[in-house]
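All heavy atoms count here, side chains included; hydrogens, waters and symmetry mates do not. Proteins come first, then strands; the chains are lettered A, B, ... in the order of their sequence lines, and each starts at number 1.
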Amino acid sequence: MNILPRKFYQKDTVIVAKRLLGKKLVRKIGNYEISGIITETEAYRHNDDPASHAYRKITDRNKVMFGDVGISYVYFTYGMHYCFNIVAKKSKVPAGAVLIRAIQPEKGIKKMQENRNLKNLKNLTNGPAKLTQALKITKKHYGIDLTKKSEIYITEGEKIKKIIESPRIGIKNGKEFLWNFKVEN
DNA sequence: TTGAGGATTGGCT
DNA sequence: GCCAATCCTCAAA
């Protein structure tokens, strides 16, 4: 399976968010591999998007959103959770990223259950903080290159049927944008 | 230096 | 449905 090239991420953040649906997220830990198909994403842009971390200005936390595309942006929130994003934007725009909210487990399901300490398959990776826990993604993975075969990378995946567009979840401002994208079951 | 709040989750009512 | 857990980050002073 081919890894998505840097060019894939050099388009409008909203377009990349849609196109990431059906792609495969691969996580290598030691000598085993975990993978899953991306089923839900959200787009976060720059100063046209009040819900984005990059809305105001560049800071220590959000600086990768202003850098090269195809790089991971991991942040910590609510005192206990990590969320996993991919930097994506067209070249004229200074910042933007796509939040990966859910994947459909494919490989290494047992390891994910171990990591989450959970038997129920349904709740394994169907939320942004759940999937980081299942894949053991932490702040250590801030700013890594997802276009190279390393600990985490994204490859070609499956064709998807239909995209459902909704308002983004858990935000105060910017609800008028339908920038949450899901694959129809 | 400090305090308020958050791109969430799971457990309890 | 509601709320606590829990700590990092930002912005104000």
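With respect to K107(A) and E33(A), a salt bridge is recorded, a charged nitrogen being found less than 4.0 Å from a carboxylate O. Salt bridge E151(A)/R27(A): present, at least one basic N to carboxylate O contact under 4.0 Å.
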field: Pairing string, 5' to 3', for DNA chain B - Watson-Crick or wobble contacts under 3.5 Å, brackets [ ] where pairs cross, | to another strand
entry: ||||||.|||||.

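Atom CZ of F76(A) sits in a crowded spot, with more than 12 heavy atoms from other residues, nucleotides or ligands closer than 6.0 Å.
You'll find that the side chain of Y78(A) is closest to dG6(B), out of dG6(B), dA11(C), dC10(C). For I169(A), taking side-chain heavy atoms from C-beta onward, the closest of the listed nucleotides dC8(C), dG6(B), dT8(B) is dT8(B).
Note on L99(A): a base of the nucleic acid sits closer than 4.0 angstrom, heavy atoms only. Residue A129(A) is in sugar-phosphate contact alone, with no base atom involved, counting any heavy-atom pair closer than 4.0 Å across all strands shown. Among the heavy atoms of the strands, none lies under 4.0 Å from N123(A). When heavy atoms are screened at a 4.0 angstrom cut-off, K175(A) is found touching no nucleic acid atom at all.
In terms of phosphate contacts, K130(A) brings a side-chain nitrogen or oxygen within less than 4.0 Å of OP1 or OP2 of dG10(B). Note on R116(A): every side-chain N or O is 4.0 Å or more away from OP1 and OP2 of dT9(B). Residue R61(A) places no side-chain N or O under 4.0 Å from the OP1 or OP2 atom of dC7(C).
One interatomic measurement links the two molecules: CG of D60(A) to C1' of dC10(C), which rounds to 11 Å at whole-angstrom precision.
Contact annotation: side chain of Y75(A) to base of dA7(B), donor-acceptor pair present below 3.5 Å.
Between the P atoms of dA7(B) and dG1(C), the separation comes to 22 Å (whole Å). Going from the P atom of dT6(C) to that of dT2(B) covers 23 Å, rounded to whole Å.
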field: Working for ring pair (Phe, Tyr, Trp, His ring centres under 6.0 Å), residues H141(A) and Y82(A)
entry: CA-CA 11 Å; H141(A) 305 103; Y82(A) 293 102; 9.1 Å; no

